[in-house]
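This is a predicted model, so every value here is computed, not measured. Numbered from 1 within each chain, the chains take letters A, B, ... in sequence-line order.
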2 protein chains.
Amino acid sequence: MGNQMTEMLKGTLEGIVLAILARRSAYGYEITAWLRDRGFSDIAEGTIYALLVRVEQRGFVDVEKVPSEKGPPRKVYSINAKGRDQLAEFWRTWTVLAERIEQLHHTDNQQDQGA
Amino acid sequence: MGNQMTEMLKGTLEGIVLAILARRSAYGYEITAWLRDRGFSDIAEGTIYALLVRVEQRGFVDVEKVPSEKGPPRKVYSINAKGRDQLAEFWRTWTVLAERIEQLHHTDNQQDQGA
DNA sequence: CCTCGCTATTAAGCGTCGCTAGCTACCGGT
DNA sequence: ACCGGTAGCTAGCGACGCTTAATAGCGAGG
């Protein structure tokens with residue numbers, strides 16, 4: 001929807017997908033559907049594929065081609081050790097940023113309750 | 001520092017600066033120093049100025065030129081009504097995203113405590 | 001005097017990211 | 001034969017933050 005969310009997803013979407021893959025392996029179409037179910041309905045379809053290509057090239061995931069009963073073969077992505085390191089780094093950065101912003105949010109609300 | 005933080009700041013830095021201006025008016029150099037004090041030490045100097053130009057062009061802030069005792073005149077930015085609307089929208093988007101990501105964080109931690 | 005350093009702002013060019021739009025391809029049902 | 005759902009790929013775009021360099025005013029020190 002809003003481009004506000006679009007800009008905010010930059011830098012976080014990769015972490016989101018890695019977090020999903022940390023729970024279980026999945027393929028692009030599946031991840032997109034999963035995100036839509038979870039309320040990330042504003043994420044464009046093609047974005048996930050491009051992101052998966054990127055994380056594969058960086059060596060954060062392993063790929064396995066699996067034939068599908070209904071449609072072209074799926075590319076199933078599994079997070080690997082390097083990917084888990086990256087994910088941990090993502091959570092560290094996220095936590096730091098979220099805490100700082102939350103502090104701002106509180107002081108902001110003290111002045112502007114009508115937010 | 002890390003480009004991880006750099007990417008995450010995309011979309012959030014504007015909200016951060018608007019939140020600062022919601023507390024009190026300020027000029028670029030001052031904001032940069034303030035951010036450095038508050039732990040946002042990884043934000044580049046020039047970035048804030050470019051951002052301020054942007055929010056001014058979008059009409060989120062009013063500007064007043066004030067002579068400085070030591071150096072060239074300062075451009076003091078004040079948030080206006082439109083800017084407060086934008087800030088409120090920012091907090092809405094931020095809250096939604098932060099909640100979704102936090103949910104992922106919990107389920108992620110259940111599997112991978114050793115992050 | 002002239003340079004150094006601090007204050008303060010501006011601008012050009014770069015890389016990364018998510019989005020848009022369109023395409024390929026496989027399969028089953030009508 | 002056609003269409004819709006499944007599944008993936010890609011080129012080009014705009015937005016954002018970073019890097020780097022330039023400009024400019026002012027005070028202190030050589």
Side-chain angles (χ1 to χ4, degrees), chain A residues 1-18 25-36 40-58 60-61 63-77 86 90 93 97, chain B residues 1-18 25-36 40-58 60-61 63-77 86 90 93 97:
Chain A
M1 282 266 137
N3 57 330
Q4 182 111 247
M5 183 60 90
T6 293
E7 288 307 321
M8 252 186 235
L9 282 173
K10 289 183 180 177
T12 59
L13 189 53
E14 180 182 304
I16 291 170
V17 169
L18 286 179
S25 301
Y27 54 97
Y29 196 82
E30 192 182 8
I31 294 174
T32 303
W34 193 93
L35 286 170
R36 263 186 227 296
F40 288 100
S41 52
D42 23 29
I43 294 175
E45 175 111 20
T47 300
I48 298 300
Y49 289 111
L51 192 155
L52 288 171
V53 168
R54 217 166 60 222
V55 293
E56 182 188 355
Q57 283 174 345
R58 292 189 186 162
F60 299 150
V61 292
V63 189
E64 192 190 358
K65 210 156 206 167
V66 177
S68 167
E69 302 150 8
K70 36 167 62 182
R74 300 164 173 167
K75 283 182 73 176
V76 175
Y77 293 84
Q86 175 73 4
F90 166 76
T93 307
L97 182 62
Chain B
M1 281 270 134
N3 57 329
Q4 182 110 248
M5 182 59 91
T6 292
E7 290 305 323
M8 251 186 236
L9 283 174
K10 288 184 181 177
T12 58
L13 189 53
E14 180 182 303
I16 290 170
V17 170
L18 286 179
S25 302
Y27 54 97
Y29 196 83
E30 193 182 6
I31 295 174
T32 303
W34 194 93
L35 286 170
R36 261 185 229 298
F40 287 100
S41 51
D42 22 30
I43 294 175
E45 175 112 18
T47 300
I48 298 300
Y49 290 110
L51 191 155
L52 288 171
V53 168
R54 219 166 58 224
V55 294
E56 181 188 356
Q57 283 174 346
R58 291 189 187 160
F60 299 150
V61 293
V63 189
E64 190 191 359
K65 211 153 206 167
V66 177
S68 169
E69 302 148 9
K70 37 168 60 182
R74 301 163 173 168
K75 282 180 73 176
V76 175
Y77 293 84
Q86 175 74 5
F90 166 76
T93 307
L97 182 62

Respond yes when some side-chain nitrogen or oxygen of [X] is under 4.0 Å from OP1 or OP2 of [N], and no when none is.
X     : N      : answer
B:S68 : C:dA8  : yes
B:K75 : C:dT10 : yes
A:Y29 : D:dG8  : no
B:Y49 : C:dT9  : yes

Which atom pairs link the protein and nucleotides 28-30 of chain C when you take only N or O atoms and keep those under 3.5 Å?
none

Tell me the interatomic distance from [X], atom [atom1], to [N], atom [atom2], rounded to whole angstroms.
X     : N      : atom1 : atom2 : result
A:I48 : D:dT10 : CD1   : P     : 16 Å
A:L52 : C:dC19 : CG    : P     : 13 Å
A:M5  : D:dA15 : CE    : P     : 19 Å
B:Y27 : C:dT10 : OH    : P     : 14 Å
A:M8  : D:dG14 : CE    : P     : 23 Å
A:R74 : C:dA25 : CZ    : C1'   : 15 Å
B:E45 : D:dG17 : CD    : P     : 16 Å
A:Q4  : D:dG14 : CD    : P     : 20 Å

When rounded to the nearest 0.5 angstrom, what is the spacing between [atom1] in [X] and [atom2] in [Y]?
X     : Y     : atom1 : atom2 : value
A:I43 : A:L13 : CD1   : CG    : 4.5 Å
A:L52 : A:E14 : CG    : CD    : 10.0 Å
A:I48 : A:L35 : CD1   : CG    : 5.0 Å
A:E7  : A:T12 : CD    : OG1   : 11.0 Å
A:M8  : A:N3  : CE    : CG    : 10.5 Å

If you look only at distance, which donor and acceptor atoms sit under 3.5 Å apart when one is on a side chain in residues 25-33 of chain B and the other is two or more places apart or in another chain?
from: B:S25; atom 1: OG; to: B:S78; atom 2: OG; distance (Å): 2.7
from: B:Y27; atom 1: OH; to: B:R74; atom 2: NE; distance (Å): 3.3
from: B:Y27; atom 1: OH; to: B:R74; atom 2: NH2; distance (Å): 3.3
from: B:E30; atom 1: OE1; to: B:Y27; atom 2: N; distance (Å): 3.2
from: B:E30; atom 1: OE2; to: B:R24; atom 2: NH1; distance (Å): 3.0
from: B:T32; atom 1: OG1; to: B:G28; atom 2: O; distance (Å): 3.0

> Of the nucleotides C:dT7, D:dT10, D:dC9, which one has an atom closest to the side chain of B:P72?
Replying inline: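 Nearest nucleotide to the side chain: C:dT7.
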
>> If you assign each of B:G71 and B:A50 to its closest nucleotide in DNA chain C, which residue comes earlier from the 5' end?
In response: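 Residue closer to the 5' terminus by nearest nucleotide: B:G71.
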
>> For a quick test of reading the model, state the closest non-hydrogen atom pair linking B:V61 to B:E56 and the distance between them.
In response: CG2-CA, 3.6 Å

Contacts under 3.5 Å, N or O only, protein and nucleotides 16-18 of chain C:
from: C:dT16; atom 1: O2; to: B:K10; atom 2: NZ; distance (Å): 2.6
from: C:dC17; atom 1: OP1; to: A:R58; atom 2: NH1; distance (Å): 3.4
from: C:dC17; atom 1: OP1; to: A:R58; atom 2: NH2; distance (Å): 3.0
from: C:dC17; atom 1: OP2; to: A:R54; atom 2: NE; distance (Å): 3.2
from: C:dC17; atom 1: OP2; to: A:R58; atom 2: NH2; distance (Å): 3.0
from: C:dC17; atom 1: O2; to: A:K10; atom 2: NZ; distance (Å): 3.2
from: C:dG18; atom 1: OP1; to: A:L9; atom 2: O; distance (Å): 3.3
from: C:dG18; atom 1: OP2; to: A:R54; atom 2: NH1; distance (Å): 3.0
from: C:dG18; atom 1: OP2; to: A:R54; atom 2: NH2; distance (Å): 2.8

> Can you check whether B:L18 reaches B:F90 side chain to side chain, under 4.5 Å on heavy atoms?
Replying inline: no

>> Does any part of the side chain of B:V55, heavy atoms only, come nearer than 4.5 Å to the side chain of B:V17, both counted from C-beta?
In response: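 The answer is no, as the side chains (C-beta and beyond) never meet within the 4.5 Å cut-off.
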
